[in-house]
Amino acid sequence: MEQRKRLRALVEAPEILVLPGAYDALSAKILEQAGFDGVYFTGYGQSASCLGAPDVGLMTMTEMAERAARTAAALTVPLVCDGDTGFGNAVNVVRTVREYERAGAAAIQLEDQTFPKKCGHMTGRQVIPAEEMAEKLCAAAAARRDPDFLIIARTDARTTLGLEEAIRRARLYAEAGADLLFVESLESPEEMREVNRRLPLPTVANMVEGGRSPALTAAELQELGYAAVLFPVASVYAAAWAVRGLADTLRRTGTTAGWSGQMMDFADFNRLVGLEGVRKLERGDLSGL
């Protein structure tokens, strides 16, 4: 797919790639229309929007792949997808990679947590043996049919096993076939710089509002050596804040009039979701495709 070649070029470019998180197809479309070159399909956000539940390994592979397909279909920019632990061992990872690839993802992120996993900024996470994760990554690399489908290897070892073990694992994962490396929950800019100095592949940063890592700008992260940065949960937090505020106002006043300046109206929203293209098709005008 052209989006996969585009993603590889963006990762290799000098400027850091900013990937905001989408929790559904609509939020992904909004992010693309805002001008981002790619979108991140956040497992945290999928669990919240699909189940109304925390990111603790409740979403199944088929649920995630189906939602990824719907999200990718709404976009023209690359979609980088959270694949959690691969939903099992190396055999499960093979199917996961192929289902995500079939869904239209440009990349899959796989992590070395035990199952059920947790959000990477929650405490209580445990990791599988590094060698087991390396086997899963070897299987992932062998399973993909498109060589431009990128594999992002994430380690959650920093919080429980320390920085040195996290770096050791990331280097092992590079040897196993990963295309990008993601050391989760680093706790200072100094740790981030050290990770980037010692790893042999492009790296991914993760900015979670209120999480374990310091809040840095994309420019600051680029200076530290990152190739890409995720802002995975900002959109779901913003949406939750807005809907709660709207609900409080409606419950208190019996009208949404007080929120008219903080929401799209009927016409704006129809433009966002492409109603005019549908109207053209109804008139036999194929330029709406």
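As a basis for the values below, the full set of heavy atoms in this structure was taken, side chains included, without hydrogen atoms, waters or symmetry mates. Here, residue 1 is the first one in the sequence, and each next residue gets the next number.
A side chain to side chain donor-acceptor pair (under 3.5 Å) check over residues 225-239, counting only residues at least two apart or in different chains, returns the pairs Tyr44-Tyr237. Within the structure, no pair that satisfies the side chain to side chain donor-acceptor pair (under 3.5 Å) test touches residues 88-98, not counting sequence neighbours. Judged as a side chain to side chain donor-acceptor pair (under 3.5 Å), the pairs with a partner in residues 2-20 (not counting sequence neighbours) are, in order, Arg4-Asp146, Lys5-Asp148, Arg8-Asp148. The side chain to side chain donor-acceptor pair (under 3.5 Å) contacts involving residues 56-65 comprise Thr60-Thr62, Thr60-Glu63, where partners must be two or more places apart or lie in separate chains.
Without hydrogens or angle criteria, Asp156 side chain to Asp112 main chain gives no donor-acceptor distance under 3.5 Å. Remark: the backbone N or O of Ala157 is not paired with any side-chain donor or acceptor of Gln113 at under 3.5 angstrom.
At least one side-chain heavy atom of Val195 sits less than 4.5 Å from a side-chain heavy atom of Ile167. When side chains are defined from C-beta on, Phe149 counts as touching Val97, because their heavy atoms get closer than 4.5 Å. Taking 4.5 Å as the limit, every side-chain heavy atom of Leu216 sits out of range of all side-chain heavy atoms of Val229. In this structure, Met64 and Met61 have side chains that are not in contact, with every pair of non-hydrogen atoms separated by 4.5 Å or more. Within the 4.5 Å cutoff, no side-chain heavy atoms of Asn206 are placed close to those of Ser213. Residues Leu110 and Met133 are in side-chain contact: their nearest non-hydrogen atoms beyond the backbone lie under 4.5 Å apart. Asp82 has its side chain within reach of Glu111: a pair of non-hydrogen atoms, C-beta onward, lies under 4.5 Å apart. Residues Val236 and Ser49 form no side-chain contact, since every pair of their non-hydrogen atoms from C-beta on lies 4.5 Å or further apart.
Contact detail for Ala166 and Val183: the closest heavy-atom pair is CB-CG1, 3.8 Å. In terms of heavy-atom proximity, Trp259 sits nearest to Ala242 at CH2-O, 3.4 Å. Minimum interatomic distance between Leu181 and Pro200 (heavy atoms only, all atoms of both residues): CD1-CD, 4.1 Å. Considering every non-hydrogen atom in both Phe87 and Met59, the closest pair reads CE2-O, 3.5 Å. The two residues Ala178 and Ala153 make their nearest non-hydrogen contact at CB-CB, 3.6 Å. In this structure, Ala215 and Met207 approach most closely via the heavy-atom pair CA-SD, 4.1 Å.
A single hydrophobic cluster is not seen to contain both Ile16 and Val11; linkage of ILVMFWY side chains at heavy-atom distances under 4.5 Å, directly or through other members, places them apart. Neither Tyr100 nor Val80 shares a network with the other; the hydrophobic side chains, linked directly or stepwise wherever heavy atoms of I, L, V, M, F, W or Y lie under 4.5 Å apart, form separate groups for each. At a threshold of 4.5 Å between side-chain heavy atoms, the hydrophobic network of Ile, Leu, Val, Met, Phe, Trp and Tyr places Leu201 and Phe182 in two separate groups. Both Leu221 and Val18 are assigned to one and the same hydrophobic cluster, defined by single-linkage of ILVMFWY side chains at heavy-atom distances under 4.5 Å. In this structure, Leu7 is not a member of the same hydrophobic cluster as Phe36, with clusters built from ILVMFWY side-chain heavy atoms closer than 4.5 Å.
Atom-to-atom distance recorded for Ile108:CD1 and Ile152:CD1 is 9.0 Å, nearest 0.5 angstrom. Rounding to the nearest 0.5 angstrom, the gap separating the CD1 atom in Ile128 from the OG1 atom in Thr114 is 8.5 Å. Of the inter-residue distances, the one linking Thr71 atom OG1 with Tyr40 atom OH reads 12.5 Å to the nearest 0.5 angstrom. A distance of 12.0 Å separates OG1 of Thr249 from CZ of Arg244, quoted to the nearest 0.5 Å. Expressed to the nearest 0.5 Å, how far OG1 of Thr42 lies from CG of Leu230 amounts to 9.0 Å. Interatomic distance, Ser260 OG to Gln262 CD, rounded to the nearest 0.5 Å: 8.5 Å.
In this structure, Phe266 shares a hydrophobic cluster with no other residue, the cluster being traced through Ile, Leu, Val, Met, Phe, Trp and Tyr side chains under 4.5 angstrom apart. Phe115 forms part of no hydrophobic cluster, judged by ILVMFWY side-chain heavy-atom separations under 4.5 Å. Under the 4.5 angstrom side-chain criterion for Ile, Leu, Val, Met, Phe, Trp and Tyr, the cluster partners of Leu26 are Ile30, Met264, Phe269, Leu272, Val273.
With sequence neighbours excluded, the residues that form a salt bridge (Lys or Arg N to Asp or Glu O under 4.0 Å) with Glu223 are Arg193. Qualifying side chain to side chain contact (heavy atoms under 4.5 Å, CB included) partners for Val77, counting only residues two or more places apart in sequence or in other chains: Glu32, Val39, Leu75. In this structure, the salt bridge (Lys or Arg N to Asp or Glu O under 4.0 Å) partners of Arg197, at least two apart in sequence or on a different chain, are Glu194. With sequence neighbours excluded, the residues that form a side chain to side chain contact (heavy atoms under 4.5 Å, CB included) with Ala68 are Phe41, Cys81, Ala103.
A salt bridge does not link Arg271 with Glu276: every distance from a Lys NZ or Arg NE/NH1/NH2 to an Asp or Glu carboxylate oxygen is 4.0 Å or more. Using a cutoff of 4.0 Å between basic side-chain nitrogens and carboxylate oxygens, Glu165 and Arg169 are scored as salt-bridged. At a threshold of 4.0 Å, the pair Glu164-Arg168 does not count as salt-bridged, since none of the basic side-chain nitrogens sits closer than that to a carboxylate oxygen.
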Evaluate the criterion salt bridge (Lys or Arg N to Asp or Glu O under 4.0 Å) for residue pair Glu184 and Arg154; output intermediate values, then yes/no.
CA-CA 7 Å; Glu184 177 65 294; Arg154 170 177 136 182; 3.7 Å; yes
Name every donor-acceptor pair, under 3.5 Å, that has one atom in a side chain of residues 136-143 and the other anywhere in the protein, sequence neighbours excluded.
unit_1	atom_1	unit_2	atom_2	d
Lys136	NZ	Thr85	O	2.8
Lys136	NZ	Gly88	O	2.9

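Of the N and O atoms on the side chains of Asp55 and Ser47, not one donor lies less than 3.5 Å from an acceptor on the other residue.
Other residues, nucleotides and ligands contribute over 12 non-hydrogen atoms within 6.0 Å of the CZ atom of Arg283.
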